[in-house]
Amino acid sequence: MRRKLKKEFFDRSAIKVAGKLLGKYLVRKIGVKNRAYMITEVEVYDGHKDKASHARSGKTKRNWPMYGPAGKFYIYFTYGMHHMLNIVCGKKEYPSAILIRGVKDISGPGRLTKALKIDKKLNALAAGPKTGLWFEDKGVRIKKSEIKRTPRVGIDHAGKYWGRKPWRFVV
DNA sequence: ACGATGATGAAC
DNA sequence: TTCATCATCGTA
């Protein structure tokens, strides 16, 4: 079984999508080859009230793709070193996205984008074969008992409430 | 354990 | 204009 995830998959609450995204595959086309990586770690950034989200202070030149329709990428550059890959969820104008933090054999969001040659050229584009980067369901089922939920990483500035929300999902 | 990296946005 | 950030690597 090999089913490409469509826009509709992402067009709902990011929390729901995050749980379903584990065990799905991130497929990257490099040259004529497709490489598929099982997703093992994600983080949710949901709404403008989320103090850990780039959307915490409204729409900006950087974060505007988060306000776009579901199924598009939000890719930004940070720490002068790393690109971060997010997939936009929910309705248009509602800023929510899922940060892909790790896949099987590659942990860390910066290492992931480096290994898959992902950069800002894909920012705000729709997931799909045309962009060379998309998601597939290969029939892998992750049991709920295999999923750990922990607080998100690197967000000490977000305060007690938002900083402690268990919005990091790990297989 | 700590500095280098160096885009982006907010605070000052 | 200065500072902190949704990391990671190389050096100590």
Side-chain angles (χ1 to χ4, degrees), chain A residues 5 9-10 12-24 26 28 30 35 37-127 131 133-135 147-171:
Chain A
L5 300 186
F9 179 88
F10 299 100
R12 51 184 161 161
S13 116
I15 296 282
K16 277 193 179 167
V17 179
K20 302 275 186 197
L21 205 51
L22 296 174
K24 299 294 189 292
L26 180 64
R28 176 66 167 138
I30 297 173
R35 287 198 282 178
Y37 303 82
M38 192 180 80
I39 296 167
T40 55
E41 183 180 353
V42 298
E43 273 179 14
V44 170
Y45 292 88
D46 187 33
H48 62 276
K49 289 202 290 284
D50 181 357
K51 290 283 181 287
S53 170
H54 282 169
R56 61 185 174 271
S57 30
K59 198 187 283 189
T60 67
K61 194 181 172 186
R62 175 171 65 166
N63 71 17
W64 64 268
M66 291 185 84
Y67 290 77
K72 299 214 173 199
F73 295 116
Y74 168 43
I75 298 167
Y76 65 91
F77 188 67
T78 192
Y79 290 108
M81 291 212 60
H82 302 295
H83 292 275
M84 299 285 135
L85 172 66
N86 298 252
I87 181 74
V88 176
C89 294
K91 288 194 198 68
K92 198 170 184 305
E93 296 308 324
Y94 181 78
S96 71
I98 297 174
L99 171 65
I100 313 296
R101 282 194 62 87
V103 297
K104 193 175 186 316
D105 301 327
I106 309 175
S107 46
R111 293 174 138 205
L112 171 70
T113 51
K114 192 181 169 194
L116 273 64
K117 303 192 195 307
I118 291 165
D119 62 29
K120 287 198 78 171
K121 288 200 286 288
L122 300 179
N123 189 30
L125 299 182
T131 44
L133 185 64
W134 67 97
F135 298 90
I147 299 176
K148 271 186 238 159
R149 290 184 62 168
T150 78
R152 291 170 290 180
V153 173
I155 51 161
D156 295 343
H157 59 92
K160 296 269 195 297
Y161 180 75
W162 292 101
R164 287 178 184 174
K165 268 194 174 300
W167 281 3
R168 173 170 173 252
F169 294 67
V170 190
V171 176

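No experiment lies behind these values; they were computed from the predicted model shown. Lettering follows sequence order; numbering is per chain, from 1.
For the P atoms, the distance from B/dA4 to C/dC3 is 15 Å, rounded to whole Å. Only the P atoms considered, B/dG6 is 16 Å distant from C/dT11, to the nearest whole Å. B/dG3 and C/dA4 are spaced 14 Å apart, taking the P atom of each and rounding to whole Å. Between the C1' atoms of B/dG9 and C/dT8, the separation comes to 22 Å (whole Å). For C/dT1 and B/dT5, the P atoms lie 22 Å apart once the distance is rounded to whole Å.
Below 30°, between 30° and 60°, or above 60°: for A/His54 and A/Tyr74 the angle between ring planes is above 60°, a perpendicular geometry. The aromatic rings of A/Phe135 and A/Phe73 sit tilted, their planes meeting at an angle between 30° and 60°.
Across all strands shown, B/dG6 remains unpaired; no Watson-Crick or G-U wobble contact has both distances below 3.5 Å. C/dC6 is unpaired under the criterion used here, namely a Watson-Crick or G-U wobble arrangement in which both key atom distances are under 3.5 Å.
The side chain of A/Met81 lies closest to B/dT5, out of B/dT5, B/dG9, C/dC6. Closest to the side chain of A/Thr78, from the set C/dT5, B/dG9, C/dC6, is C/dT5. Of all nucleotides listed (C/dC6, B/dG9, C/dA7), C/dC6 comes nearest to the side chain of A/His54.
Checking side-chain atoms of A/Thr131 against main-chain N and O of A/Ala126 turns up a donor-acceptor pair under 3.5 Å. Between the side chain of A/Glu43 and the backbone N or O of A/Arg101 there is no donor-acceptor pair closer than 3.5 Å.
Taking atom CD of A/Glu41 as the reference point, atom C1' of C/dA7 lies 13 Å away to the nearest angstrom. A/Asn63 places its CG atom 19 Å from the P atom of B/dA7, with the value rounded to the nearest Å. The NE2 atom of A/His157 sits 9 Å away from the P atom of C/dA7 (whole-angstrom rounding). Between the OH atom of A/Tyr74 and the C1' atom of B/dT8 there is a distance of 9 Å, given to the nearest Å. Between the P atom of C/dC3 and the CG atom of A/Asp156 lies a distance of 20 Å, rounded to the nearest Å. Put simply, NZ on A/Lys51 is 13 Å from P on B/dA10, counting in whole angstrom units. Atom CH2 of A/Trp162 and atom P of C/dC6 are 15 Å apart (whole Å). Following rounding to the nearest Å, A/Lys59 (NZ) and B/dG9 (P) show an atom-to-atom distance of 13 Å.
As judged by a 4.0 angstrom heavy-atom cut-off over every strand, A/Lys114 is placed among residues making no nucleic acid contact. Nucleic acid contact for A/Leu99: base, since at least one base atom lies under 4.0 Å from a heavy atom of the residue.
Between A/Glu41 and A/Leu22 the shortest heavy-atom distance is N-CD2, 3.8 Å. Residue A/Asn86 comes nearest to A/Ala97 through the heavy atom pair CB-CB, 4.0 Å, listed as atom of the first residue, atom of the second, then distance.
Ring-base stacking between A/Phe77 and B/dA7 is not satisfied when judged by a centre separation under 5.5 Å and a plane angle under 30°.
Each of A/Tyr45 and A/Arg111 was assigned the nucleotide of DNA chain C with the nearest heavy atom; the assignment lying further toward the 5' end belongs to A/Tyr45. Residues A/Lys120 and A/Tyr79 both approach DNA chain B. Their nearest nucleotides, taken by heavy-atom distance, put A/Tyr79 toward the 5′ side.
For A/Arg62, no side-chain nitrogen or oxygen approaches OP1 or OP2 of C/dT5 to under 4.0 Å.
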